[in-house]
Amino acid sequence: GRLQKISEKPEIILDVSHNVAGVKQTVRFIREHFYGKELKLLIGLLQDKGHGKIARLLAPFFSEVIITEPQNERFLAVGELATSFRENGINAKCIKEIDAAFEFCMKQTSADETLFIIGSHFLAGVILEITEKKLDMQNCPA
């Protein structure tokens, strides 16, 4: 889950950066490998992780941000995180359910674009389950 590529086309990078220190490392990676490219972001955080600073760190790199809620009782409500991104010039879309948010991102991301999925381990675990099911269904003989 640390800068793990889970798809090639579109390129999807899953990262469990869920606090300011982790996001700083992710930003360094983005700056080194994706500077100047149009990137999309799916993000979900827990309440106590410094979401205002995280939004400020990430906002300059993403043209589109989708916010979801990790499956944990301490999830940060989509509206709170959206406000933090909006304060940094990004109009974020809120989709509470992870599977619906991921499906939306897949429909909106072309084969030559890059989607970063960043946040809680509780978000990453669900994303990995979803992508494993899709791969299993694609590899299943008819």
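Along the sequence shown, residues are numbered consecutively beginning with 1. Model, not experiment: these values are computed from the prediction.
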Check against side-chain contact (heavy atoms from CB on, under 4.5 Å), L58 and F85 = CA-CA 9 Å; L58 292 173; F85 274 98; 4.2 Å; yes
Check the pair R86 / N91 against side-chain contact (heavy atoms from CB on, under 4.5 Å), numbers first and verdict last.
-> CA-CA 5 Å; R86 288 179 185 128; N91 189 16; 3.3 Å; yes
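Of all heavy-atom pairs spanning D15 and L3, the tightest one is OD1-N, 2.9 Å. Considering all non-hydrogen atoms of both residues, F122 and I98 come closest at O-CD1, 4.1 Å. G50 and V20 make their closest contact through O-CG2, 4.0 Å (heavy atoms, listed as atom of the first residue, atom of the second, distance). Residues S84 and H51 come closest through the heavy atom pair OG-CD2, 3.0 Å. The two residues F104 and E64 have their closest heavy-atom pair at CE2-OE2, 3.8 Å.
Taking the side chain as every heavy atom from C-beta outward, R31 and F61 approach each other to under 4.5 Å. For the pair E11 and E8, the minimum side-chain heavy-atom distance is 4.5 Å or more. At least one side-chain heavy atom of L128 sits less than 4.5 Å from a side-chain heavy atom of L14. Taking the side chain as every heavy atom from C-beta outward, L46 and S120 approach each other to under 4.5 Å. Side-chain contact between T68 and E97 is absent, with no heavy atoms from C-beta onward closer than 4.5 Å. Contact annotation: the side chain of I117 approaches that of L123 to within less than 4.5 Å [non-hydrogen atoms, C-beta and beyond]. Contact check for K53 versus K24: side-chain heavy atoms found under the 4.5 Å cut-off. No side-chain heavy atom of L42 sits under 4.5 Å from any side-chain heavy atom of I12.
In this structure, CG in L81 is found 8.0 Å from SG in C94, a value given to the nearest 0.5 Å. With rounding to the nearest 0.5 angstrom, the CD1 atom of I66 is 8.5 Å from the CG atom of L41. To the nearest 0.5 angstrom, K9 atom NZ is 10.0 Å from T114 atom OG1. The NZ atom of K37 lies 10.5 Å from the CG atom of D112; values are rounded to the nearest 0.5 Å. Rounded to the nearest 0.5 Å, atoms CD1 (I43) and CG (L45) are 4.0 Å apart. Annotation: the span from I54 atom CD1 to N19 atom CG amounts to 6.5 Å, rounded to 0.5 Å.
Between the side chains of R2 and S17, at least one donor N or O sits under 3.5 Å from an acceptor N or O. In this model, a donor atom of one side chain and an acceptor atom of the other lie less than 3.5 Å apart for E113 and S110.
When the shell of 6.0 Å around CD of E38 is examined, it contains 12 or fewer heavy atoms from other residues, nucleotides or ligands.
Both L39 and I67 are members of a single hydrophobic cluster when ILVMFWY side chains are connected at heavy-atom separations under 4.5 Å. Linking ILVMFWY residues whenever their side-chain heavy atoms come closer than 4.5 Å, directly or via other members, leaves F102 and V78 in distinct clusters. Both F29 and V65 are part of a single hydrophobic cluster, where members link through side-chain heavy atoms under 4.5 Å apart. Under a hydrophobic-cluster definition in which Ile, Leu, Val, Met, Phe, Trp and Tyr are linked whenever side-chain heavy atoms come within less than 4.5 Å, directly or via other members, V126 and I95 are assigned to the same cluster. Taken together through direct or relayed side-chain contacts under 4.5 Å among Ile, Leu, Val, Met, Phe, Trp and Tyr, I118 and F34 form part of one hydrophobic cluster.
Counting only distance, with no hydrogens or angles, the side chain of T109 and the backbone of M106 share no donor-acceptor pair below 3.5 Å.
A cation-pi arrangement is not found for K40 relative to F116, the charged atom failing to lie both closer than 6.0 Å to the ring centre and inside a 45° cone about the ring normal.
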